**Student:** 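Got a structure here, written out as structure tokens. Questions coming.
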Amino acid sequence: MNVVAPFEGIGASLRRKEDSRFLQGHGNYVDDMDRPGQVCAWILRSPHAHALLRSVDVAVARAMPGVVGVFTGADTQAAGLGGIPCGWQIHNKDGSPMAEPPHPVLAHERVRHVGDPVALVIAETRAQARDAAEAINVDYETLEPSVTMAQALRPGATPIHEGVAGNLCYDWHIGDKAIVDAAFAAAQKVVGLDLTNNRLVPNAMEPRAAVGEFDRYSGDYTLYTTSQNPHVIRLLMSAHVLKLPESKVRVVAPDVGGGFGSKIYHYAEEALVCWGSAQVKRPVKWVADRTEAFMSDAHGRDHVSRAEFAFDAQGKILALRVATQANMGAYLSTFAPCVPTYLYATLLAGCYATPVIYAEVKAVFTNTVPVDAYRGAGRPEATYLLERLMDVSARELGIDRVELRRRNFIAVDAFPYQTPVALQYDSGDYQTTLAAGLETADWDGFETRRAEAARRGKLRGIGISTYVEACGIAPSAVVGSLGARAGLYEVGTIRVHPTGSVTVLTGAHSHGQGHETTFAQLVADKLGVPTAQVDIVHGDTAKVPFGMGTYGSRSMAVGGSAMMKAMDKIIAKGKRIAAHLMEASVEDIEFDRGTFRVAGTDKTKALVDISVAAYVPHNYPIDEIEPGLEETAFYDPKNFTYPGGCHIAEVEIDTDTGHVAMVNFTAVDDVGRVINPMIVEGQVQGGVAQGIGQALMEACLYDDQGQLVSGSMMDYAMPRAEDIAPVSVATHVTLCTHNPLGVKGCGEVGAIGSPPAVINAVVDALRDYGVRHLDMPATAPKIFAIIQGGQKLAAE
Amino acid sequence: MYDFTYHKPTSVADAVALLAADPDAKPISGGHTLLPALKHRLNKPSALIDLSGIAELKGIKREGDAIVIGGMTRHADVATSAEVKAAIPVLAYMATVIGDTQVRNRGTIGGSVANNDPAADYPAAVLGLGATIITSKRRIAADEFFLGMFTTALEEGELLTGVSFPIPEKAGYAKMRNPASRYVMAGALVSKGPMGVRVAINGAGPCVFRQAAMEAALSSNWSADAVAAIKQDADGLNADIHGSAEYRAHLVTVMAKRAVINAG
């Protein structure tokens, strides 16, 4: 009987290997770790947005039942702990470096946002630690908070950090202002738009958690943490905060329940549990509750922008001019400064052949939670700005909105395409993804559906967004020249065991992406090993040589490419061994999915024959080749990757209440080569759901005293399944030209392309009500006010 | 949460005795309001008296022209009760739209009514159908029961044991959910029956209330148009980041209109 193994390689919609343990409740998360002798930490947090710490009296707390240690900012300062470092340095227009104020692990002398850590309490139980925290007597002298960027920038605003004039982190720009201004002066038509990109709270399902374990005999530290990049955390924490040799620190990020960017950064609690463990000589666990997550996880977005297109008489874009203010929050989170610059302004060409662009960005400190990358990071802000401005322009130029986009697309034969804002796109086909999107969404049949909805008393609208993004982060030399303090390569090790099964060690980290499946598919495809015999190891600095982690849709494009490189090395070595075993010349050995063959003959050796020989080198060219079959590769990408596509949203508005219902959503994305179509579909749908959340529901709101009003699920509106339309996902592939897989990335496209499609649909639905623009989220009361206002206009 | 003593009595008499013995004790039914409050340390009872072991508090039965529902009856049981669906379909419908599946499998009618959260669903059914609250010591008419935000006519140590709903000729319910909490932003339950024409509004104000102008309009003309023209005064209504008092006032009219349509 001939049994044909099911195809498991690149392109197979393989079920996720990891789901079996997740669905049965046997995932292994940080809060599942209980170390012998473990004690619990509670962090006392500031209730004030801005205050001087006149005194922190912990005497009563120290004497409370079960308490083993209470530490304040004075203690961490005295111990010489460093502050939380920032991983990116931006330079001002005048060439001077950005303001980079200290970010202590425990507030010292001053608190700068509600939730700022003030004291670390360690006790036998979590409840005892919390009881003791409540007994700490803090004397706060409140200061005037700057909650909004406008407040922080106004003359006379109280400085949030000593020495940071005007609360300005940096004033940066890109492009040639004079050339762009001249293009505007010569333009036939200028269309401008003011818009905000609403602040969001990431809300991964698993809150952050950390366990620190100090071994007093070896002096080693182990940190178990909810991280997207354990090696980066080890580097930042050991070198900058704890000031330890990296070799003394092991960081483990086991199963992690979602990140969306919020678990990239090095947080104070990670250093505090490690340092605290050394102080009390016991392992220390800290787990955030949801309320803490709202006030201590880095938030996302929060831009205020003015954007203008200059057009010629035919509707061709001549120039783009953008001025943006970006909220940094109270301190600089790990990658915060690069988000509104190199992940935002460099994307302002979008998929359009805009000849010249000038953008200036002011990054502002405020008395709010730090803001950093959140799914898409800068690219959703750029896409939203462009695609809203495109729709407003189409209307004001009297050109159909699809036609205006088509007229300005970068042509399919123009690649590689150098944009005026630093990036060089390698491939793309925007006309095709647009055409596929229009057809799938039945764009041409919309007016019939609108009329039918009107008969039911509903306002129906359709909106489109065509986008490009830059991910697969990133070429180290390029980002280094732009201020990154790290390289952004990835590392992969392929370990072929004696019996032919394979362990892959990767610096990428899976927290929902399905790496245990898709990476195994690469091995199945290239080495011919069934995925059941391929295990993926990630998230442990003691097991994986090095790595930069998972964010910026980089795992497959960079991490997968490192594995491909390592497999090339395995094959090269395997060929030499095969040549020896089959008494042939190495140049004559061919390899295809697990079989080494002497070219033109039927002499073959399987991969397992080679691995046995490599580990049991009895008949082996031992003088020429080392035993063993394990190879490591570092892959540094040559360029970013550039997914793009077309998103189309269709909504219906209830005119009685203003409620916007999603009725249909179409995504046609070019994510490069698709490794697992099912996983790509899930990634796109998840991203779209977050984009719909941003567009219609989510708003992180502070009151004028800097209290987080939307500080829980009672007031922060997360989308539920019923709020998301059926999302139709399709792909049209153009290959990335510079990585070995041809992949571009799919993790963020959903969240990047969708918000403007939704808002464009809402504005379209309201086309009879005189609305030019509305800011996200398009909540029911906001839409109802527009409808009422429009009716008043009609009546007057 | 802070430490507390836990009791699980098996009779109403025992529960009442425990409550009488400890003024800082609190009864707990489904716990969907109390447990989060405890976890946030917003409440510090000396003891919790778990009512889930009291068999006499559970169940749904028809008594003459009324449906009587035990205080510990879960929302899911009301939603799926053939008795309720046949006699008072609006009540079964309301139970299907409270919270989510998890809430409906834990939350109880007694807990919801006794708590009197302004944004809860059941108070609108109790007031809008003219129900009678049955307690460990007396019967209280709905009109006398809801006194203000999280405040009812229940006295210290008095336990809500059930609710008796008169069977209406027709009744309908409509609500708009808060997009974050999914509690009621504004809702209306309208009914016509032995208790007259009643319109109860929940979510919009600090406490469920009857809308007299709408009741008058529906009494003379039972139709959606009759309430459509009636404007709710925004004065005193709730206002927050999810909607102004004026918006909620507008929703009151919309929901009342829809409730009449749903009533058929």
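Note that the structure is predicted; figures quoted are calculated from it, not measured.
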**Student:** Checking Ala780(A) against chain B: side chain, backbone, both or neither under 4.5 Å from a heavy atom?
**Tutor:** both
**Student:** Using side-chain contact (heavy atoms from CB on, under 4.5 Å) as the criterion, list what pairs up with Ala133(A), not counting sequence neighbours.
**Tutor:** Trp42(A), Leu44(A), Val121(A)
**Student:** So what's closer than 4.5 Å to chain B heavy atoms on Asp654(A): side chain, backbone, both or neither?
**Tutor:** side chain
**Student:** At a 4.5 Å cut-off on heavy atoms, which part of Phe784(A) comes close to chain B: side chain, backbone, both, or neither?
**Tutor:** side chain
**Student:** Any idea how Tyr716(A) and Phe294(A) line up, ring-wise: parallel (<30°), tilted (30 to 60°), or perpendicular (>60°)?
**Tutor:** perpendicular
**Student:** Measuring heavy-atom distances to chain A, does Lys257(B) have an atom under 4.5 Å in its side chain, in its backbone, in both, or in neither?
**Tutor:** side chain
**Student:** Of all the heavy-atom pairs spanning Arg198(B) and Leu127(B), show the shortest one and how long it is.
**Tutor:** NE-O, 2.8 Å
**Student:** Any donor and acceptor pair, going by atom type alone, linking the side chain of Lys192(B) with main-chain N or O of Pro168(B) inside 3.5 Å?
**Tutor:** no
**Student:** In terms of side-chain geometry, is the basic nitrogen of Asp240(B) or Arg248(B) positioned less than 4.0 Å from the acidic oxygen of its partner?
**Tutor:** yes
**Student:** Kindly give the heavy-atom pair with the smallest separation between Asp715(A) and Ile241(B), and that separation in Å.
**Tutor:** O-CD1, 3.7 Å
**Student:** Let me know if Glu698(A) has heavy atoms under 4.5 Å from chain B in its side chain, its backbone, both or neither.
**Tutor:** neither
**Student:** Is a side-chain donor or acceptor of Arg45(A) paired with a backbone partner of Gly115(A) at a separation under 3.5 angstrom?
**Tutor:** yes
**Student:** Flag the pair Asn202(B) / Tyr183(B) as yes when at least one side-chain heavy-atom distance between them is below 4.5 Å, and no otherwise.
**Tutor:** no
**Student:** Side chain, backbone, both or neither: which part of Asp723(A) has a heavy atom under 4.5 Å from chain B?
**Tutor:** side chain
**Student:** At a 4.5 Å cut-off on heavy atoms, which part of Asn178(B) comes close to chain A: side chain, backbone, both, or neither?
**Tutor:** side chain
**Student:** For residues Asn327(A) and Thr366(A), is any side-chain donor paired with an opposing acceptor at under 3.5 Å?
**Tutor:** yes
**Student:** Output all residues satisfying ring-ring contact (aromatic ring centres under 6.0 Å, His included) with Phe145(B), sequence neighbours left out; order by chain, then residue number.
**Tutor:** none
**Student:** Between His250(B), Met1(B), Arg182(B), which has the largest tally of heavy atom pairs under 4.5 Å with chain A?
**Tutor:** Arg182(B)
**Student:** Residues in side-chain contact (heavy atoms from CB on, under 4.5 Å) with Ala717(A), at least two apart?
**Tutor:** Met697(A), Pro179(B), Ala180(B)
**Student:** Check each atom of Thr657(A) against the heavy atoms of chain B and say whether the ones under 4.5 Å are side chain, backbone, both or neither.
**Tutor:** both
**Student:** Less than 4.5 Å to any heavy atom of chain A: does that hold for the side chain of His40(B), its backbone, both, or neither?
**Tutor:** both
**Student:** When you measure from the side chain of Asp775(A) to the backbone N and O of Thr196(A), does any donor-acceptor pair fall under 3.5 Å?
**Tutor:** yes
**Student:** Determine whether Glu292(A) and Trp286(A) make a side-chain contact, defined as any pair of heavy atoms from C-beta on separated by less than 4.5 Å.
**Tutor:** yes
**Student:** For the backbone of Ala76(B) and the side chain of Thr80(B), can you confirm whether one donor and one acceptor N or O come within less than 3.5 Å of each other?
**Tutor:** yes
**Student:** Sort by residue number and list every residue of residues 203-227 of chain B having at least one heavy atom under 4.5 Å from chain A.
**Tutor:** none
**Student:** Please classify the contact of Arg258(B) with chain A as side chain, backbone, both or neither, using a heavy-atom distance under 4.5 Å.
**Tutor:** side chain
**Student:** For each of Arg130(A), Arg126(A), Glu134(A), His659(A), tally heavy-atom pairs with chain B at distances under 4.5 Å, and name the one with the top tally.
**Tutor:** Arg130(A)
**Student:** Among His242(B), Met255(B), Met176(B), who wins on heavy-atom pairs under 4.5 Å with chain A?
**Tutor:** His242(B)
**Student:** Go through Arg720(A), Met718(A), Met713(A) and name the one with the most non-hydrogen pairs under 4.5 angstrom from chain B.
**Tutor:** Arg720(A)
**Student:** Heavy-atom cut-off 4.5 Å, strictly under: side chain, backbone, both or neither for Gln128(A) against chain B?
**Tutor:** neither
**Student:** Is Ser712(A) close to chain B through its backbone or its side chain, or both, or neither, when contacts mean heavy atoms under 4.5 Å?
**Tutor:** neither
